[in-house]
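The structure under discussion appears below in the form of structure tokens.
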Amino acid sequence: NAGVTQTPKFQVLKTGQSMTLQCAQDMNHNSMYWYRQDPGMGLRLIYYSASEGTTDKGEVPNGYNVSRLNKREFSLRLESAAPSQTSVYFCASSEKGNRENTEAFFGQGTRLTVV
Amino acid sequence: GNSVTQMEGPVTLSEEAFLTINCTYTATGYPSLFWYVQYPGEGLQLLLKATKADDKGSNKGFEATYRKETTSFHLEKGSVQVSDSAVYFCALKGSNDYKLSFGAGTTVTVRA
């Protein structure tokens with residue numbers, strides 16, 4: 001079972017470059033999420049999509065955009081990368097978003113370095 | 001808003017020692033509480049969860065009890081193994097929320 005698949009696993013960007021992180025899930029989940037993980041700060045939510053066709057900002061959306069391409073796929077775009085965006089990015093999905101206490105399933109992460 | 005505070009560590013233990021990681025939360029209503037584990041180089045996996053007060057979640061020898069009176073969800077294991085070395089995250093999901101709020105994570109290293 002693939003679960004949540006993220007690509008790429010590693011990426012180095014120069015300041016000002018753009019890139020898109022891809023995420024796909026095969027569990028037929030409605031909700032998908034993008035988090036970033038920084039030392040001492042846990043995971044912070046960048047954007048989420050409660051269901052296909054909707055997206056909403058999380059705690060730290062500045063500098064990012066997202067696209068919920070279809071039910072399976074949720075991409076994260078950095079239009080002009082900055083060193084402050086150096087982080088590990090995790091995509092996650094869950095079966096239901098609201099009023100349900102279900103677990104989130106995570107991808108293996110993308111380690112991004114902006115130089 | 002919702003927030004989670006957990007012991008940051010790092011924590012270093014010998015094999016077969018007792019492990020406890022403190023987690024307290026702030027939330028309105030009746031959130032669900034989770035412990036996730038992240039092994040080196042991997043994503044997060046759900047370790048255990050509790051969805052209402054006094055529930056006890058358990059898995060792989062780990063336990064945590066949802067204490068509404070103290071707004072806590074402390075993680076415990078009676079006898080750790082080297083394979084338990086990982087980062088542990090406490091998290092909550094509010095009753096009207098789509099998203100999880102995470103603590104800062106606690107790095108646990110178990111020595112043989």
Side-chain angles (χ1 to χ4, degrees), chain A residues 1-7 9-10 23 25 27 29-51 54-61 66 68 74 88-111, chain B residues 1-10 21 23-53 55 57 59 64 66 73 86-107:
Chain A
N1 293 333
V4 179
T5 302
Q6 290 181 235
T7 56
K9 287 187 169 46
F10 301 94
C23 175
Q25 52 92 7
M27 295 172 282
H29 286 168
N30 285 309
S31 301
M32 297 185 74
Y33 314 84
W34 277 105
Y35 288 89
R36 59 178 289 174
Q37 182 182 20
D38 301 294
M41 303 189 76
L43 274 76
R44 293 181 292 170
L45 184 67
I46 305 170
Y47 270 94
Y48 66 100
S49 172
S51 60
T54 69
T55 60
D56 285 285
K57 295 179 180 179
E59 303 170 63
V60 288
V66 291
R68 184 74 184 266
F74 187 41
V88 181
Y89 291 85
F90 287 100
C91 178
S93 69
S94 64
E95 185 172 85
K96 292 182 183 179
N98 199 16
R99 292 187 171 274
E100 294 293 335
N101 305 314
T102 54
E103 69 180 280
F105 293 81
F106 284 80
Q108 294 215 332
T110 297
R111 186 174 295 275
Chain B
N2 298 333
S3 66
V4 175
T5 302
Q6 67 177 100
M7 186 173 78
E8 288 194 21
I21 303 174
C23 172
T24 57
Y25 68 89
T26 301
T28 56
Y30 299 91
S32 293
L33 301 173
F34 305 85
W35 277 100
Y36 281 82
V37 59
Q38 183 181 30
Y39 298 106
E42 298 185 10
L44 280 71
Q45 307 172 24
L46 181 70
L47 181 59
L48 53 84
K49 68 178 183 181
T51 59
K52 60 183 186 293
D55 266 2
N59 186 25
Y66 187 165
F73 191 55
V87 183
Y88 294 83
F89 292 93
C90 185
L92 75 80
K93 190 173 189 183
S95 52
N96 290 317
D97 264 344
Y98 285 91
K99 55 193 183 295
L100 286 165
S101 297
F102 284 87
T106 301
T107 300

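FYI, side chains are in, hydrogens and waters are out, and symmetry mates aren't considered; it's all heavy atoms of this structure. Letters A, B, ... mirror the listed sequences (proteins, then strands); counts begin at 1.
- Using a 4.5 Å heavy-atom cutoff, the side chains of A:E103 and B:Y36 are in contact.
- A:Q37 touches chain B through its side chain: at least one heavy atom from C-beta onward sits under 4.5 Å away, while N, CA, C and O do not.
- In the displayed structure, A:R111 atom CZ is contacted under 6.0 Å by at most 12 heavy atoms of other residues, nucleotides or ligands.
- B:Q45 does not touch chain A: none of its heavy atoms, backbone or side chain, sits under 4.5 Å away.
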> Under the side chain to side chain contact (heavy atoms under 4.5 Å, CB included) criterion, do B:L100 and A:Y35 qualify, and how do the steps go?
Replying inline: CA-CA 10 Å; B:L100 286 165; A:Y35 288 89; 3.5 Å; yes

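- Minimum heavy-atom separation, B:K99 to A:Y33: CA-CE2, 4.0 Å.
- Contacts between A:L45 and chain B at a heavy-atom distance below 4.5 Å involve the side chain alone, from C-beta outward.
- Looking only at heavy-atom pairs under 4.5 Å with chain A, the residue among B:L33, B:L46, B:V4, B:T107 that has the most is B:L46.
- Ranked by heavy-atom pairs shorter than 4.5 Å toward chain B, the options A:Y48, A:F106, A:F105, A:F90 are led by A:F106.
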